[in-house]
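Residue numbering restarts at 1 for every chain, and letters A, B, ... go by the order of the sequence lines. The structure presented is a predicted model; accordingly, all values stated were derived computationally and were not measured.
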There are 2 protein chains.
Amino acid sequence: MALEHAILVSLLEQPGSGYELARRFDRSIGYFWTASHQQIYRVLGRMERDGWIEVREVRQDGRPDKKVYSVAAPGRSALSAWLAEPVEPESVRHSLAVKIRGAAFGDPAGLIAETERHRAVHAERLAHYLAGERRDFPDSALLDAGQELQHVVLRGGIAYERMTLAWLDDVLATLRRLGGADPDTH
Amino acid sequence: MALEHAILVSLLEQPGSGYELARRFDRSIGYFWTASHQQIYRVLGRMERDGWIEVREVRQDGRPDKKVYSVAAPGRSALSAWLAEPVEPESVRHSLAVKIRGAAFGDPAGLIAETERHRAVHAERLAHYLAGERRDFPDSALLDAGQELQHVVLRGGIAYERMTLAWLDDVLATLRRLGGADPDTH
DNA sequence: CTTGTCTATGCAACGAGTTGCATAGCAGGA
DNA sequence: TCCTGCTATGCAACTCGTTGCATAGACAAG
């Protein structure tokens, strides 16, 4: 389980409220670990109960008050312990791949629109990542260790999206070939 | 949710028992959708109850009897319906990426061994996929639609592992640079 | 003779993740 | 004026996925 640890990393980079964390999980952290706000609030409650994080209530005018969380000493220890222990490499889960193999028993051509939709989503993600890279890591800037590490993770996201786009093009070519060469599978 | 549909696809390709399905989910199907045998048996029970699949008890000597499942008409309809409806593109979940960003608050050099371990796992997966490709899809063989679709999914797995290996090399170079250039972050 | 592995099925408990809903003030547009 | 959207927090119910355990015969290695 890594949501607690992802939250610790995010709060170490910058303390924040549950709502702010949820937005980060739609952005930078979410590039490699997703979470909904309900999940975040629940885990924040448990982490506070366990003394991993501390909360400070912040009054705001014009908008609701918020609870700003920051990492306490036990949280730092928990993160260090987790960093030292091995985790198993994740396996992929692609329902689109299930669909592609399932198309052998249905309509290959019917999957083209769906594949194109996925392609558009990944193209958008890639553009988003590249914009973030240009913004946060301009050419030959001097970076500290934390920024270097953030950059190499972002490069991973970029490589993933580029690979996925190339593969989806391969999938589209295959589906079109099957649909064209074998038009009786309507 | 796609486990039911992954099972339908697998049973359409070849009927089999829960145990046989579990082994397939360690192999070909597992390249893009993983499942444990406990999960498979539970879902098979539900699918049988819903009439999606049919079971046939097969006596065996020298080993325990087994229940061979095959897809019934309602299961085929359910698969067709699912193929026609859109699914959201999955987001990635990489605890290693969480660790890499967390290393900014710990010991970057300490992650090198862990990263190398992940690299070895992915190198092995790539070798396994490539062996499967050579075995099942030799040069310029004439393939039917189902095989073409299986091949394009396998090519996706190969592309994913190659991309991951290249990225992990990038990560290793970055971690070594930080460990060497900044040795006071012990 | 014992230990371990393979085939084959499954339950029970727990933790992780999703979906739906609720509250509540403020801002901006139709 | 009403409706939408943003900030901000959270509960409840449900499904999905993992972990641990249990059974049981066959076979091979030590």
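Rounding to whole angstrom units, CZ of residue Arg93(A) and P of dA16(C) are separated by 16 Å. At whole-Å resolution of the value, CZ in Phe25(B) and C1' in dA8(C) are 17 Å apart. The distance from atom CG of Leu3(A) to atom P of dG17(D) is 17 Å, rounded to the nearest whole Å. Look at CG on Asp50(A): it is 12 Å from P on dG15(C), rounded to the nearest Å. Straight-line distance from the CE atom of Met47(A) to the P atom of dA16(C): 12 Å, rounded to whole Å. Separating the CD atom of Glu4(A) from the P atom of dG15(C) is a distance of 11 Å, rounded to the nearest angstrom. In this structure, OH of Tyr19(A) is placed 18 Å from P of dA24(C), rounded to the nearest angstrom. For Arg24(A) and dA8(D), the CZ to C1' distance is 15 Å, given to the nearest whole Å.
Within the 4.0 Å cut-off from OP1 or OP2 of dT9(D), at least one side-chain nitrogen or oxygen of Tyr41(A) is found. Checking the phosphate oxygens (OP1, OP2) of dC6(C), no side-chain nitrogen or oxygen of Arg23(B) falls inside 4.0 Å. Contact annotation: Arg46(B) reaches the phosphate of dC16(D) (side-chain N/O to OP1 or OP2, under 4.0 Å).
With dT9(C), dT9(D), dT7(D) as the choices, the nucleotide that has an atom nearest any side-chain atom of Ser17(A) turns out to be dT9(D). Of the listed nucleotides (dT18(D), dA8(D), dG10(C)), dG10(C) has the atom at the smallest distance from the side chain of Lys67(B). Which of dG17(C), dT9(C), dA8(D) sits closest to the side chain of Lys66(B) comes down to dT9(C).
Using a 30° and 60° split on the angle between ring planes, His94(A) and Tyr160(A) fall in the parallel class, below 30°. The aromatic rings of Phe137(B) and His151(B) sit parallel to each other, their planes meeting at less than 30°, with 60° as the upper class boundary.
In this structure Glu148(B) satisfies the side chain to side chain contact (heavy atoms under 4.5 Å, CB included) test together with Thr174(A), Arg177(A), Leu178(A), Leu143(B), sequence neighbours excluded.
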Pairs: protein N or O with nucleotides 20-23 of chain C N or O, under 3.5 Å:
| from | atom 1 | to | atom 2 | distance (Å) |
| --- | --- | --- | --- | --- |
| dG20(C) | O6 | Gln38(A) | NE2 | 3.2 |

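Taking a cutoff of 4.0 Å between a charged side-chain nitrogen and a carboxylate oxygen, Arg24(A) and Glu13(A) do not qualify as a salt bridge. Remark: Arg117(A) engages Glu114(A) in a salt bridge, criterion side-chain N to carboxylate O under 4.0 Å. Between Glu48(B) and Lys67(B) there is no salt bridge, since no side-chain nitrogen of the basic residue lies less than 4.0 Å from a carboxylate oxygen of the acidic one.
Two residues, Arg63(B) and Gln39(A), neighbour DNA chain C, and the one matched to the more 5' nucleotide by heavy-atom proximity is Arg63(B). When the nearest nucleotides of DNA chain C are assigned to Glu20(B) and Arg42(A) by heavy-atom distance, the more 5′-ward of the two goes with Glu20(B).
The backbone N or O of Arg76(B) sits less than 3.5 Å from a side-chain atom of Ser80(B), completing a donor-acceptor pair.
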